Every structure is written in structure tokens, then in C-alpha cells.
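Data block below; observations after.
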Amino acid sequence: MKHNVSIPKGTRDFTPQQVIKRQYIFNVLKDVFTKYGYLPIETPAMETLSTLLGKYGEEGDKLIFRIINSGNFFENISDDLIKKENYSYLLSLICEKGLRYDLTVPFARYVVMHHNQITFPFKRYQIQPVWRADKPQKGRYREFYQCDIDVIGSKSLLNEIEIIQISDEVFSILNIPVIILINHRNILYGIAKEFNIENNFIKFTTILDKLGKIDQEKFIESLKEITLDYKRIIELLNIIENKNNSEKIMFLKDNFKNTEMASGINDIEFILENTKELNLTNNIRFEISLARGLSYYTGTIFEIKSTEYNIGSLCGGGRYDNLTEIFGLPGMSGVGISFGADRIYDIMEHLNKFPNNIMNSLKVLVICMDQKFIKYSLTIASKLRNLNIPVEVYPDIDVKLKKQLSFANNKGYKYVLLIGENEYKNNAVTLKDMYSGNQQTLEIEEVIKIICDYEKH
RNA sequence: GUGGAUGUAGCUCAGUUUGGUUAGAGCACCAGAUUGUGGCUCUGGUGGUCGCCGGUUCGAGUCCGGUCAUCCACCCCA
């Protein structure tokens with residue numbers, strides 16, 4: 001039978017196995033976040049467009065899913081308006097909401113709306129799906145989960161350090177080797193200023209971001225578009241590329257004397273210095289080509305990548321000074337990072353990083369072989385459940401035993417309890433170990449003991 | 001938005017180069033070998049408008065045109 005059903009492009013269903021694995025990732029994240037004093041919040045799937053638009057740059061605005069108004073939204077639209085072909089204005093009349101694009105902007109909105117109930121500095125974590133109307137491909141979905149932590153109301157660089165520490169801890173628990181990339185907007189700005197291209201700053205950063213990703217010729221081509229001085233920039237980048245963190249810092253200090261550069265370097269130096277003795281599992285690299293597209297970042301910026309599998313970045317974040325100002329609350333500096341749970345999942349699946357015992361929640365299947373023993377079977381199942389042992393009772397009594405055992409086998413059950421005439425008469429059950437194939441008829445107390453013993457190791 | 005690839009059974013895919021009886025395989029499913037015993041093995045079976053529309057032809061899964069969908073890369077990003 002051909003059934004013609006589908007789900008929207010870029011979205012996915014998750015099987016029980018996948019959900020369990022995903023929950024494992026979420027739980028690791030929650031545990032670490034909680035350990036550092038972060039509290040959970042949740043915000044609605046949709047926000048008003050005035051909250052969302054203009055925060056993610058021109059490209060980002062295009063990728064926001066819009067929700068059409070309910071009811072007869074054409075009611076107030078005259079033919080004249082349609083003839084004028086001002087589509088963006090028309091759109092604004094029939095569409096006032098959109099699906100959230102990330103968790104940082106809704107968080108900023110949340111802080112503004114709730115600031116009189118919040119004690120600052122406020123540390124929150126948030127694990128929820130976001131939606132982007134991107135073209136899907138490997139590691140890119142239209143619906144995916146972000147797991148954000150942010151600290152707002154504190155300018156201290158200790159927050160940056162803590163974020164690095166948390167990231168390192170998360171990825172060492174998940175057993176994914178990563179490299180933590182950091183940079184600073186002021187350093188980028190300092191470079192731009194030196195070459196008199198502050199006017200083209202955003203463009204400059206997006207070009208810089210492609211260093212090493214596209215071939216040198218194309219890179220030079222795009223640099224030419226914004227400055228005639230491109231040779232010096234190339235020269236500079238080539239010098240910097242092979243240096244280690246402290247050499248890079250020295251070099252920039254010596255060659256750039258503007259105040260922005262000085263403050264950026266100061267921050268990076270402080271962060272690197274104070275993470276040195278934290279025994280981090282993963283390396284931090286100061287990467288001056290790291291730019292990040294989101295226009296709201298103003299200070300440190302982060303990105304985390306796997307060193308074993310290329311699937312884009314696993315985390316991205318940074319410091320933003322003015323995000324809440326747009327919503328009318330100035331002077332609230334914040335810093336945060338977002339963990340891409342779906343990519344973390346993909347990488348763990350691909351590199352086989354999930355712990356083996358992750359699917360072990362299924363323990364006992366009860367098979368009742370005749371209607372007469374239903375009460376007896378249910379009583380035994382209850383006894384086990386009272387001891388917190390997960391038990392499933394096969395519901396269709398008259399299904400062949402062969403099929404029920406095959407069911408147990410396919411679902412990975414460790415134990416099957418068989419209940420029939422013999423067992424009932426002797427007030428016992430037959431315990432079958434599906435792994436070894438052995439079985440014995442025992443009193444219920446003995447069975448419980450065996451199952452509990454197994455549970456312990 | 002630009003470029004490349006792929007659509008055949010529930011799933012993974014062969015077959016398309018060179019058109020030719022009834023379109024195959026593995027997995028999954030059902031039945032049996034085994035009426036109170038799963039996995040392994042063996043035997044048999046169910047299951048297809050070959051993405052869709054049109055064209056060429058005596059004849060199209062195969063050739064041509066269009067269309068839709070999916071995947072990959074670029075862009076950007078988690």
C-alpha cells in the first residue's frame with residue numbers, strides 16, 4: 001500500500017532509540033549547566049515579528065518563518081494596496097508573528113519584560129527548538145534544538161572563562177574532542193581601523209571569516225572589493241596564521257596601536273591566562289579569522305568545532321552589550337553560548353560515542369499464557385514495579401508464545417516471566433534469561449532477587 | 001539565491017550504458033520445519049501504477065522533454 005504522507009522539508013521524526021540518545025545529551029548539558037548555577041527558562045515558540053526582525057542581519061530576517069494571521073486577513077486589504085506591489089508592507093499587514101530563530105533574542109526580550117523580578121547577574125539555560133527557513137543539508141535542519149546558556153548583567157570576563165570551562169566539561173563528558181576558538185570583535189575592528197575600512201566592517205568580517213575556507217585567489221578577490229590595501233592584509237594574515245596564541249597576541253600588540261585593538265587583546269589575554277590552570281581537556285585557539293555573522297556581538301566571540309568530524313560548528317556565542325537596549329533596557333551586558341544538540345547528536349552517532357548501556361531501560365516482559373492467570377500475572381508485574389523495575393505485560397494473551405518471545409527478543413528484553421498452568425499451580429513463575437537462553441521455575445521472591453542483583457551491576 | 005547528484009518493494013539497493021516475455025536481491029513481515037520457548041539455520045509466501053506528466057517507438061524502469069521531491073556542495077549557520 002502506498003501512503004502518501006510526508007513531513008515538511010528539514011524536519012525529522014525521532015524513533016524511541018533516537019529520543020533516548022537525544023535525552024542523554026540534554027541531560028549531560030542540564031547537569032553541567034546546573035552545576036554552574038544556571039537556571040532554566042522557557043519562552044514561546046513564536047514571538048512577534050517586531051521582536052525578531054532586524055536582529056540577525058539581512059540574511060537572517062529572510063530565514064525567519066512567518067506565521068500568517070488567523071481569520072480573514074485579507075479583509076482590510078484593498079485592491080489598490082495589492083496593485084502597488086509593496087509586498088513587504090502587505091506582508092506586515094497579514095503577518096505579525098514568527099517562529100523563534102534562536103534563543104538569545106527571546107532571552108533578551110524576556111529579560112526586558114521581567115527585569116524587575118530578576119536578580120542580576122542572571123544566569124539562565126534554555127533548551128528548546130528553533131526554526132530557520134534555510135535550505136537543509138548535512139548538519140543543517142529547519143527545526144533544531146539549541147541549548148543556550150547566558151549570563152546577563154555582568155561585564156566580568158569571569159563569565160567568558162566559565163563558558164569555556166562549561167563547554168570543555170560538556171565535551172569531555174560526551175567524549176567528543178573539540179577545539180575552542182575565540183576572538184574579539186574589537187580585535188577585528190582594530191584591524192579594520194588600521195586599514196581604514198571601518199565603513200565596511202561587517203563586510204570585512206564576513207570576508208575574513210572565509211580565510212582558509214575558500215581558496216586564496218577568491219579570498220584576495222573579495223578583499224580587493226573593499227580596500228586597495230589588500231596586499232598588506234594578506235601579508236599580515238599569512239604571518240599570523242602559523243603563530244601560537246601568545247605569539248599572535250605579541251604580534252598584534254606590536255603592530256596595531258589603536259585603542260580598540262588594545263582592549264580586545266587585553267580581554268583575550270586575560271581569558272587565556274586564567275584558563276591555563278583549569279586543566280581543560282580541549283585546546284583553546286585564538287583565531288583572528290573567527291568573525292561570526294550575528295550582528296549583535298560586541299566583545300568576545302566563541303565557536304567550537306569537532307576535531308574529528310567536520311559538520312560545521314557545534315557551538316557559537318559571544319558577548320553582546322546592547323541587545324536589551326533595542327527593547328528599551330540599556331546597560332545590560334551579556335555573554336552566552338549555544339550548543340547545537342542536533343549536530344552533537346549527529347557527530348556522536350557517526351563516531352559511535354554513545355555509551356553502550358544507554359538503551360538498557362527495558363528489563364522484564366511478562367507473558368501470561370491463559371486468561372485464567374491474568375490476575376496472577378498483573379500482581380507479579382505490580383510487585384516488580386513497586387521495586388522500580390520496568391515491566392511490560394504482553395497484552396494479547398492468545399498470541400503464540402513463539403511470537404511473544406520473538407517480540408521480547410526484538411525489543412532487547414533481558415528477562416521474560418512465563419506464567420501458565422504449571423507456574424500458577426505452584427505459586428511460581430518461570431524466569432527466562434533471554435541473553436543466555438536459560439530458564440528456571442522459581443518462587444516470585446527468588447525471581448525478584450535475581451532481577452535486583454542483575455540491576456546492581 | 002547558485003551548482004551537482006539521485007528518485008525502482010516497508011527499508012537499503014541492483015537493473016538504465018546497448019529499449020524486448022512475468023522487474024530482481026538482501027533486510028523486514030507472514031506461514032511452516034518446532035501445538036509451553038526467541039536469536040541461528042532451512043523451506044515457502046505476501047509485497048512494485050520503476051516519483052509524476054507528456055513525447056518517441058510495434059514495444060519504455062531503460063531514450064527525449066517537462067515537472068515535483070530528496071540529498072550533497074556553495075552562501076550562511078547550530
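Chain A is the first sequence line, chain B the second, and so forth, proteins listed ahead of strands; every chain is numbered from 1. If you're wondering where the values come from, they're calculated on a predicted model, not measured in any experiment.
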(message) Looking at A:R109 and A:E47, is any side-chain nitrogen of the basic one under 4.0 Å from a carboxylate oxygen of the acidic one?
(response)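 A salt bridge links A:E47 with A:R109.
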
Could you state the [atom1]-[atom2] distance from [X] to [N], rounded to the nearest angstrom?
X: A:I301; N: B:rA78; atom1: CD1; atom2: C1'; result: 16 Å
X: A:R343; N: B:rC77; atom1: CZ; atom2: P; result: 11 Å
X: A:R142; N: B:rA78; atom1: CZ; atom2: C1'; result: 16 Å
X: A:D148; N: B:rA78; atom1: CG; atom2: P; result: 9 Å
X: A:Q128; N: B:rA78; atom1: CD; atom2: C1'; result: 15 Å
X: A:K55; N: B:rC77; atom1: NZ; atom2: P; result: 17 Å
X: A:D102; N: B:rC76; atom1: CG; atom2: C1'; result: 14 Å
X: A:D13; N: B:rC11; atom1: CG; atom2: C1'; result: 15 Å

(request) Could I get the full list of side-chain contact (heavy atoms from CB on, under 4.5 Å) partners for A:T15, not counting sequence neighbours? (result)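 Expected list: A:Q17, A:Q18.
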
Could you tell me how far [M] sits from [N] if I compare only their [atom1] atoms? Round to whole Å.
N: B:rC29; M: B:rA69; atom1: C1'; value: 28 Å
N: B:rC52; M: B:rC68; atom1: P; value: 15 Å
N: B:rC13; M: B:rA78; atom1: C1'; value: 32 Å
N: B:rC40; M: B:rU34; atom1: C1'; value: 14 Å
N: B:rA23; M: B:rG59; atom1: C1'; value: 16 Å
N: B:rG66; M: B:rU21; atom1: C1'; value: 32 Å
N: B:rC30; M: B:rC50; atom1: C1'; value: 25 Å
N: B:rG32; M: B:rG39; atom1: P; value: 13 Å

Opposite nucleotide pairing with [N], Watson-Crick or G-U, both atom distances under 3.5 Å:
N: B:rC63; value: B:rG55
N: B:rC40; value: none
N: B:rG1; value: B:rC74
N: B:rG48; value: none
N: B:rU6; value: B:rA69

(message) I'd like to check the ring pair (Phe, Tyr, Trp, His ring centres under 6.0 Å) partners of A:F286; sequence neighbours left out, ordered by chain and number.
(response)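 Testing A:F286 for ring pair (Phe, Tyr, Trp, His ring centres under 6.0 Å), a comparison that skips the adjacent residues, returns none.
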
(request) For A:Y424, check ring pair (Phe, Tyr, Trp, His ring centres under 6.0 Å) against everything at least two apart and list the hits. (result)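 Testing A:Y424 for ring pair (Phe, Tyr, Trp, His ring centres under 6.0 Å), a comparison that skips the adjacent residues, returns A:F373, A:Y376.
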
Choosing from [options], which nucleotide comes nearest the side chain of [X]?
X: A:P136; options: B:rC74, B:rA78, B:rC71; answer: B:rC71
X: A:K138; options: B:rU37, B:rC76, B:rC72; answer: B:rC72
X: A:M369; options: B:rU37, B:rG1, B:rG36; answer: B:rG36

(message) Please list all pairs meeting salt bridge (Lys or Arg N to Asp or Glu O under 4.0 Å) that have one or both residues in residues 388-401 of chain A, counting only residues at least two apart or in different chains.
(response)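 Only A:E392-A:K411 qualify under salt bridge (Lys or Arg N to Asp or Glu O under 4.0 Å).
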
(message) Once salt bridge (Lys or Arg N to Asp or Glu O under 4.0 Å) is applied, what residue pairs with a partner in residues 28-44 of chain A remain, sequence neighbours excluded?
(response)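 Sorted pair list: A:K35-A:E169.
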
(request) Hey, can you tell me if A:Y110 and A:F107 have their rings parallel, tilted or perpendicular (30° and 60° cut-offs)? (result)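 Plane angle under 30°, so parallel.
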
(message) Quick check: on RNA chain B, is the nucleotide nearest A:P8 upstream (toward 5') of the one nearest A:K403, or the reverse? Name the residue that is more 5'.
(response)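 On the 5' side of the pair lies A:K403.
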
(request) Please tell me which of A:Q137 and A:C315 maps to the more 5' nucleotide of RNA chain B, matching each residue to the nucleotide holding its nearest heavy atom. (result)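 Upstream on the strand: A:Q137.
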
(request) Please check if atom CG in A:N410 has more than 12 non-hydrogen atoms from other residues, nucleotides or ligands closer than 6.0 Å. (result)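 Result for CG/A:N410: enclosed.
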
Under 4.0 Å, heavy atoms only, any strand: does [X] hit a base, just the sugar-phosphate, or nothing?
X: A:G60; answer: nothing
X: A:F339; answer: nothing
X: A:E143; answer: nothing
X: A:L418; answer: base
X: A:K135; answer: base
X: A:N410; answer: sugar-phosphate

(request) Sequence neighbours left out, what passes side-chain hydrogen bond (donor to acceptor under 3.5 Å, both in side chains) with A:S406? Give chain and number order. (result)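 None.
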
(message) Listing request: all ring pair (Phe, Tyr, Trp, His ring centres under 6.0 Å) pairs with a residue in residues 7-26 of chain A, at least two apart in sequence or in separate chains.
(response)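 Listed by first then second residue: A:F26-A:Y145.
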
(message) I'd like to know whether A:K363 forms a side-chain contact (heavy atoms from CB on, under 4.5 Å) with A:Y415, so could you lay out the CA-CA distance, the side-chain angles of the two residues, the decisive distance to 0.1 Å, and finally the verdict.
(response) CA-CA 6 Å; A:K363 286 284 152 45; A:Y415 291 114; 5.6 Å; no

(request) Decide yes or no, distance alone: a donor-acceptor N/O pair under 3.5 angstrom between the base of B:rC76 and the side-chain of A:R132. (result)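 Check fails, no donor-acceptor contact within cut-off.
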
(message) Does A:Q439 contact B:rG36 through a side-chain donor or acceptor facing the base, at a distance under 3.5 Å?
(response)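 Checked by distance alone, the answer is no.
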
Which pairs, protein N/O on one side and nucleotides 39-43 of chain B N/O on the other, fall under 3.5 Å?
| unit_1 | atom_1 | unit_2 | atom_2 | d |
| --- | --- | --- | --- | --- |
| B:rG39 | O4' | A:N409 | ND2 | 3.0 |
| B:rG39 | N2 | A:Y435 | O | 3.1 |

(message) Tell me whether the ring of A:Y145 lies stacked over the B:rA78 base, given a 5.5 Å limit on centroids and a 30° limit on the plane angle.
(response)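 Answer is no, no stack.
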
(message) Within the 3.5 Å criterion, strictly below it, is a donor on A:D433 or A:Y413 matched to an acceptor on the partner's side chain?
(response)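 A:Y413 and A:D433 do not have a side-chain donor-acceptor pair below 3.5 Å.
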
(message) Using a strict heavy-atom distance below 4.0 Å, which residues from residues 392-401 of chain A are in contact with RNA chain B?
(response)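 The stretch gives A:K400, A:L401 as the residues lying under 4.0 Å from the strand, ordered by number.
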
(request) Going by the side-chain hydrogen bond (donor to acceptor under 3.5 Å, both in side chains) test, name the single residue among A:R319, A:Q165, A:H184 that passes it with A:E160. (result)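 That would be A:R319; it is the only one of A:R319, A:Q165, A:H184 passing the side-chain hydrogen bond (donor to acceptor under 3.5 Å, both in side chains) with A:E160.
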
